[in-house]
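Below you'll find the structure, written out as structure tokens, and then a few comments.
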Amino acid sequence: MCLPSGDYRCRVSDQESTTRLARVVRTLLVVGAGLAATRTVAELRERGFDGRIEVLGAEPLAPYDRPPLSKHLLDRPEPTWLRDEIGADLPALADEVRLGTPAHGLTLTRSGVDVHTGDGVRTADVVVVATGAHAVRPPGWEAALTLHTAADAAVLRAALVPGARLVIIGAGWIGAEVATVASAAGVDVTVLEATGDPLGAALGPVVGALTAPWYASAGVRLRRGAHVVELGGNGVALADGTLVQADVVLAAIGARPTTAWLGAALPQEPDGSLRVDEHHVVIGAPRSVRAVGDVALRRSPRHGWVPGGHWDGALRGPTDLVADLLGSGEAVVDPAPYVFSTQLGHELALFGVRHVDDEVVVRGDPAGSDGWGALWFRPGTDQASAIFTVDRPHDVGAARRLFTAAGLPSLDRARVRDPSVPLRDAAR
Ligand SMILES: Cc1cc2nc3c(=O)[nH]c(=O)nc-3n(C[C@H](O)[C@H](O)[C@H](O)COP(=O)(O)OP(=O)(O)OC[C@H]3O[C@@H](n4cnc5c(N)ncnc54)[C@H](O)[C@@H]3O)c2cc1C
């Protein structure tokens, strides 16, 4: 098996086995029927794959988009179908789509891969694992709702009547988005954040703290350093002894890759993610097993290990997967990691991967009205590893372009502080 860094001989043998694999792929099974699955099937057909494609989806619904579940929780009661959103109609592209049919296990065989379901075993030359993620709900938090599926959204929507007291645990991307729409609809919203800062996991404490004032401006109560010890009928008990009264509690403390169904069939990281190479081959498994979307921890030549969990990765990942699977010989695209969010009156974008030891530079004035941003640099260097923008559409395109080259972009730290300097002009 090739090591992650891969020497030349290893890459040659990878290429040879890819070409061999491309010749023998006649049947392909995609497990999961979300964004990454739909894009994988669309990409295969766009590139002329005429073999048999079968798809298994756990939910009984046609593929739909998840970002509107929070951003349009209250004004769009129907799911936003991926057929309309990205123009890919899964049932029309695949030979068979079995919805409401979760996979329960996977076995590697000499001739291919077996996937087990409640009504039998499906066998294919290649299996693509695209089972996404699920919301975290710790034991004892059964009284809390979560928001990950269209069914979750329906339950939450019905509970959010004007005047209801909503307590959201977690000031991350989804907590902030739900707080925004609920508060605008007359719901009384309190957000509890255990760490000191909103978006702290994504942005770190310095930049995360700069988003805290947005809550009060949007009519939302934010309690920082609020450690939940118990959930009961009346609300949420905190470690400092206070009870925050609630009619509805939403746990928005993150998501984990949905890979428990694989058992020990494939190597998994402690959080359940599957490590994949640039071509989405699961590391430690044969090349006939691929993973893409939220389940995958992808090796990026530019960024190192890129976790799933964001829409753009599920949309673009299938390009490199399918190009390699079909033996195209194309160079990897290595898409820039990209997260977007609309929250508390602001448009946010984050490109790249921030490391905890990075040095941060703030761009513009977070208290001003012209938008601002932040850049993270590898310690002691001018190499930018991540760029965050708030209400600065011009910086969004520039940031994406900066992360298209082979390595991290080199930027002048002094120039990026000045928001009047276009980001591209700060490149060294
Ligand atoms: C409320 C919400 C808002 C979001 N907003 C943003 C945003 O603003 N920006 C952003 O970048 N990202 C956002 N995301 C994340 C983004 O939606 C995901 O990264 C993206 O949907 C991942 O696509 P996927 O195909 O990997 O997984 P999914 O879309 O989750 O699809 C996986 C599918 O696999 C199915 N499945 C699971 N287990 C099995 C099984 N055993 N057998 C068969 N099928 C199975 C699931 O039912 C699901 O349909 C949001 C997510 C949520 C929940």
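Counting starts at 1 for both ligands and their atoms, in listed order. For the single chain, residues carry numbers from 1 onward in sequence order.
- Every atom of ligand 1 is numbered from 1 in the order shown, and the set under 4.0 Å from a heavy atom of Gly293 is 26 (O).
- In this structure, His134 has no heavy atom closer than 4.0 Å to ligand 1.
- Nearest non-hydrogen protein atom to atom 53 (C) of ligand 1 is His148 ND1, 3.4 Å.
- Annotation: Ser70 places no N or O atom under 3.5 Å from an N or O atom of ligand 1; distance criterion only.
- Taking any N or O of Asp294, backbone or side chain, at least one lies under 3.5 Å from an N or O belonging to ligand 1.
- A salt bridge links Arg302 with Asp334: at least one charged nitrogen is closer than 4.0 Å to a carboxylate oxygen.
- The shortest N or O to N or O distance between Thr258 and ligand 1 is not below 3.5 Å.
- For the residue pair Glu278/Ser300, the side-chain donor-acceptor check at 3.5 Å is not satisfied.
- A salt bridge is absent between Asp125 and Arg52; no separation between the charged side-chain nitrogens and carboxylate oxygens falls under 4.0 Å.
- Annotation for ligand 1: atoms under 4.0 Å from non-hydrogen atoms of Ala314 are 22 (C), 23 (O).
- With 3.5 Å as the limit, one finds a donor-acceptor pair spanning the side chains of Trp311 and Asp65.
- Closest heavy-atom approach to atom 42 (N) of ligand 1 among the candidates Ala37, Ala103, Ala58: Ala103.
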Checklist entry - Are Val178 and Thr180 close enough, and set up right, to give a side chain to side chain contact (heavy atoms under 4.5 Å, CB included), and what steps lead you there? => result CA-CA 5 Å; Val178 173; Thr180 306; over 6 Å; no
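- Ring pair Tyr338/Phe351 is parallel by interplanar angle, where below 30° counts as parallel and above 60° as perpendicular.
- Neither the backbone nor the side chain of Ala153 has any atom closer than 4.0 Å to an atom of ligand 1 (non-hydrogen atoms only).
- Protein heavy atom closest to atom 14 (N) of ligand 1, with residue, atom name and distance, is Pro67 CG, 4.3 Å.
- Annotation: atom 52 (C) of ligand 1 to nearest protein heavy atom, Ile174 CD1, 3.6 Å.
- Annotation: atom 17 (O) of ligand 1 to nearest protein heavy atom, Arg66 CB, 3.3 Å.
- Nearest to atom 8 (O) of ligand 1 by heavy-atom distance, out of Lys71, Glu59, His72, is Lys71.
- Considering only heavy atoms from C-beta on, Val236 comes within 4.5 Å of Leu238 through its side chain.
- Residues His355 and Asp358 bring no donor and acceptor atom of their side chains to less than 3.5 Å of each other.
- For the pair Phe340 and ligand 1, the shortest N or O to N or O distance falls below 3.5 Å.
- Between Val31 and ligand 1, not a single N/O pair is under 3.5 Å apart.
- When only interatomic distances are considered, the shortest N/O to N/O separation between Ala36 and ligand 1 falls below 3.5 Å.
- Annotation: His310 is not in aromatic contact with Phe340 [ring centroid separation under 6.0 Å not met].
- Checked against a 3.5 angstrom limit, the closest N/O atoms of Ser341 and ligand 1 fall outside it.
- Annotation: cation-pi pair Arg275/Trp305 present, NZ/CZ under 6.0 Å from the ring centroid and within 45° of its normal.
- In summary, Arg224 and Asp197 engage in a salt bridge, as defined by a charged side-chain N under 4.0 Å from a carboxylate O.
- Residue, atom and distance of the protein heavy atom nearest to atom 15 (C) of ligand 1 are Gly309 O, 3.6 Å.
- Summary of contacts: the protein heavy atom closest to atom 27 (O) of ligand 1 is Gly132 CA, 3.2 Å.
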Next on the checklist: Asp395 vs Arg363, test: side chain to side chain contact (heavy atoms under 4.5 Å, CB included). Steps then yes/no.
Outcome noted: CA-CA 11 Å; Asp395 281 356; Arg363 173 171 168 81; 2.9 Å; yes
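- Distances below 4.0 Å separate heavy atoms of Leu35 from the following atoms of ligand 1: 23 (O), 25 (O), 29 (O).
- Each of Val167, Leu192, Ile253, Val249 was checked for a side-chain contact (heavy atoms from CB on, under 4.5 Å) with Val228, and the lone residue meeting it is Leu192.
- The closest protein non-hydrogen atom to atom 37 (C) of ligand 1 is Thr131 O, 3.3 Å.
- Proximity to Glu177 (heavy-atom distance under 4.0 Å) selects the following atoms of ligand 1: 8 (O).
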Item to check | Chi angles and distances behind the salt bridge (Lys or Arg N to Asp or Glu O under 4.0 Å) call for Arg98, Glu96 | outcome: CA-CA 6 Å; Arg98 295 163 65 89; Glu96 190 176 355; 3.3 Å; yes
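- Residue contacts with ligand 1: Arg39 is excluded, as none of its non-hydrogen atoms falls under 4.0 Å.
- Atoms of ligand 1 found under 4.0 Å from any heavy atom of His310, numbered from 1 in the order shown, are 11 (O), 12 (N), 19 (O).
- At a 4.0 Å heavy-atom cut-off, ligand 1 touches Ala33 through the backbone alone.
- Shortest contact from atom 35 (C) of ligand 1 to any protein heavy atom: Gly32 CA, 3.9 Å.
- Under 4.0 Å from ligand 1, the heavy atoms of Trp261 that appear belong solely to its side chain.
- The ligand atoms of ligand 1 that sit less than 4.0 angstrom from a heavy atom of Pro102 are 42 (N), 43 (C).
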Next on the checklist: Assess the residue pair Val191 and Arg221 against the criterion (side chain to side chain contact (heavy atoms under 4.5 Å, CB included)); give the C-alpha distance rounded to whole Å, side-chain angles, the decisive distance to 0.1 Å, and a yes or no.
Outcome noted: CA-CA 6 Å; Val191 176; Arg221 245 172 270 112; over 6 Å; no
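- The residue from Trp173, Tyr338, Trp311 that puts a heavy atom closest to atom 10 (C) of ligand 1 is Trp311.
- In the vicinity of Ala130, heavy-atom distances shorter than 4.0 Å reach the ligand 1 atoms 32 (C), 33 (C), 34 (O).
- Between Trp214 and His346, the ring planes lie parallel to each other; the angle is under 30°, not in the 30° to 60° tilted range.
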Next on the checklist: Run the salt bridge (Lys or Arg N to Asp or Glu O under 4.0 Å) test on Asp320 and Arg290 for me, step by step, so that the C-alpha distance in whole Å, both residues' side-chain angles and the decisive distance to 0.1 Å come before the verdict.
Outcome noted: CA-CA 11 Å; Asp320 283 332; Arg290 313 265 169 149; over 6 Å; no
